[in-house]
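Letters A, B, ... are given to chains in the order of the sequence lines, protein chains preceding strands, and every chain is numbered from 1.
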2 protein chains.
Amino acid sequence: MANIRDIARLAGVSVTTVSRVINNQPYVSAEKVSAVKEAMKKYNYHRNINAVHLSRGKTHLIGVVIPFSNHPYFGLLIEGIANAALDHNYKVVLIQTNYEKAKEMEALKMLEDKQIDALIICSRISSWDVIESYLAHGPIILCEDSRNEKISSTFIDHYKAFTLALDYLYEKGHRQIGYSIGRQTGTNSTQRERAYKDFLSKHSLPFEINHIFTDRFHVEDGVDVVESLLKMQHRPTALLVTSDQVAAGIVTSIRERGLSVPKDLAIMSFDNQPISKVMHITTLEIPLVVTGKKLFQQALTVKKLHMKKSTSV
Amino acid sequence: MANIRDIARLAGVSVTTVSRVINNQPYVSAEKVSAVKEAMKKYNYHRNINAVHLSRGKTHLIGVVIPFSNHPYFGLLIEGIANAALDHNYKVVLIQTNYEKAKEMEALKMLEDKQIDALIICSRISSWDVIESYLAHGPIILCEDSRNEKISSTFIDHYKAFTLALDYLYEKGHRQIGYSIGRQTGTNSTQRERAYKDFLSKHSLPFEINHIFTDRFHVEDGVDVVESLLKMQHRPTALLVTSDQVAAGIVTSIRERGLSVPKDLAIMSFDNQPISKVMHITTLEIPLVVTGKKLFQQALTVKKLHMKKSTSV
DNA sequence: TCTTGCTTTGAAACGCGTTTCATATCATAC
DNA sequence: GTATGATATGAAACGCGTTTCAAAGCAAGA
């Protein structure tokens, strides 16, 4: 395999000149350009990208941490990130954690090792402190409200979204509203809980712990929720569901049992994925693809400016 | 930032020795090991991974080409690949093509540039020839039947799966069976078409072009299918659907119109994703996660053996 | 005592493109 | 005619870890 020095020799120029030709830089005469290009073609030259990375000190790779790939929520986020990345000539390195801390640490280590230029964490497990300590090695962008922290983020204002949804249901006459979320802990869940409790106290409504369902991610989890509901003495009349998938499961399961939505149970879902349209589930749009795109753009910007930045969607 | 030479100097040893310590190689005395480790800690040494890549000539990165991320089919495939990769200390570089040839070419270029050690193409656009020409630069694994080609693959035997499903429906008494697929072209679709035509001629059944639906990928496409069906004079009595998502859309839409599955239209779907269980859709399991894992393992094996290999799932 | 074969250790070469800096040339400006 | 600034070009330094090869030390076996 020919390297840049071989090409330089064969074209009768210096390596600097070859480098200039490769990178389309000015200050090379037309003859030399063609001489170099010819030599490159003749010897089927391909620059060693790892040498470029070493020399330049960056890789044009961007790490993306997600818990799992088979979930539409993260699928859409990735969709946005990946498209934006490719448009800017960046590539995405996927780090799937299954919510294992060690895997997330590997991603942070990649940043430390300069294997990736920046890191986007779509769902975090490590503590703020840990992540903060890696900030020195490169930009880290989170997809959750980090306004109180030193880390940049593009996030969805789940407090607002939840409040909006709750108010909507309240206006429809619902006084016993429950909700179903994914992880119990985490910034997003905390904010939703806060919105929920604020809503309850605003309207002097009682808090019912068993109207809250946690760890519901997939369609089939919706079936479980319905089963639990049916066993209850005092059922909620409406449910906020933080995933169209789970909502689809709930709605399917309910209808199957001869009950009706929203008469027997009103459902208000989030994300606005195709399935909710098909199943006529009321859903609040969360612009995930756009968020993905912003996350990426922020990774670029933060890198250049070395400053913290947070955007709410 | 301290580099390996700094550490060598500070620990009073040679760079070779430091390298040995870093890589846990034998033939270093206990004292020197600790001296080096101390120096590394003291100066917060981190090896430059790009120098490692350059030196070793590989990156422990594996490229994965998919058309889009927001589809459960590819989500599951990625899930399998990503998990297997992480277990083997490889990282996944995601190349999302949106079925644009140029994007797929970028992936092939990455292989040529040695930016990735191997490439898995989950859904191909380029011709066999093009892909074959990149085979010299590293292992390429496809997820489609490549038994007639020079390229390795782990693939699902869609001919068999389709035949199985058709026979099942035939036994149930169906004589007018249609199908819905994703892309019209491609090995997988061709094989299904072959299975379908073979089935028809085996039972001397007529071919009805409008009983075939193409370019159906997502839930909402199922609704379209139902609309088309309802406009038909001679409707099929059963439909093979190559995606649980689309099947879910079809079933939902049909039930909504007061018709019943399977009485008015029998549905046989593929993949066996949670949604089909929730909606009680008959589905033929396609082990996508396992396929993903095999694809990865094959990428490793082929690399070592430099030989073609194909596995059917 | 001598040979054989590990165990240790390090100098130097290797992988390879980018970038800085100095030098040289040529043309336009005053 | 000289100064000024752009254009053109290359030598050498830089980024940095791995690996080969030679050499030295030491112990067990003959």
Measure [atom1]/[X] against [atom2]/[N] and give the value in whole Å, please.
X: B:Gln25; N: D:dT19; atom1: CD; atom2: C1'; value: 9 Å
X: A:Asn50; N: D:dG15; atom1: CG; atom2: P; value: 18 Å
X: B:Ile4; N: D:dT19; atom1: CD1; atom2: P; value: 11 Å
X: B:Asp6; N: D:dG15; atom1: CG; atom2: C1'; value: 12 Å
X: B:Ile7; N: C:dG10; atom1: CD1; atom2: C1'; value: 17 Å
X: B:Lys58; N: D:dT18; atom1: NZ; atom2: P; value: 13 Å
X: A:Ile49; N: C:dG15; atom1: CD1; atom2: C1'; value: 15 Å
X: B:Ile22; N: D:dT18; atom1: CD1; atom2: C1'; value: 10 Å

- Message: Go nucleotide by nucleotide along DNA chain C from the 5' end; which of B:Ala51 and A:Arg47 gets its closest nucleotide reached first?
- Response: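 By nearest-heavy-atom nucleotide position, the 5'-most residue is B:Ala51.
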- Query: Passes side chain to side chain contact (heavy atoms under 4.5 Å, CB included), A:Ile151 versus A:Ile121? Steps please.
  - Reply: CA-CA 11 Å; A:Ile151 303 163; A:Ile121 302 181; over 6 Å; no
- Query: Looking at A:Val64, A:Leu288, A:Ile120, A:Val289, which one forms a side chain to side chain contact (heavy atoms under 4.5 Å, CB included) with A:Ile78?
  - Reply: A:Val64
For [N], does either OP1 or OP2 sit under 4.0 Å from a side-chain N or O belonging to [X]?
X: A:Arg56; N: C:dT18; value: yes
X: B:Asn23; N: D:dT18; value: yes
X: A:Ser55; N: C:dC16; value: no

- Message: One pair to check against ring-ring contact (aromatic ring centres under 6.0 Å, His included): A:His53 and B:His53. What are the steps and the verdict?
- Response: CA-CA 9 Å; A:His53 290 337; B:His53 290 337; 8.4 Å; no
- Item | Note: A:Glu100-A:Lys103 ion pair, threshold 4.0 Å (strictly below) |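 Result for this pair is yes, salt bridge flagged.
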- Is any side-chain N of the basic residue among A:Glu144 and A:Arg124 closer than 4.0 Å to the acidic one's carboxylate O? yes
- Task: Go along nucleotides 7-12 of chain D 5' to 3' and tag each nucleotide: B for a protein heavy atom under 4.0 Å from its base, S when only backbone or sugar atoms are that close, - otherwise.
- Result: SBBBBB
- Applying side chain to side chain donor-acceptor pair (under 3.5 Å), which residue pairs with at least one partner in residues 72-83 of chain A are found, sequence neighbours left out?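 Found A:Glu79-B:Gln96, A:Asn83-B:Gln96.
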- Which atoms form the tightest heavy-atom contact between A:Ile141 and A:Ser153, and what is the distance? CG2-CA, 4.0 Å
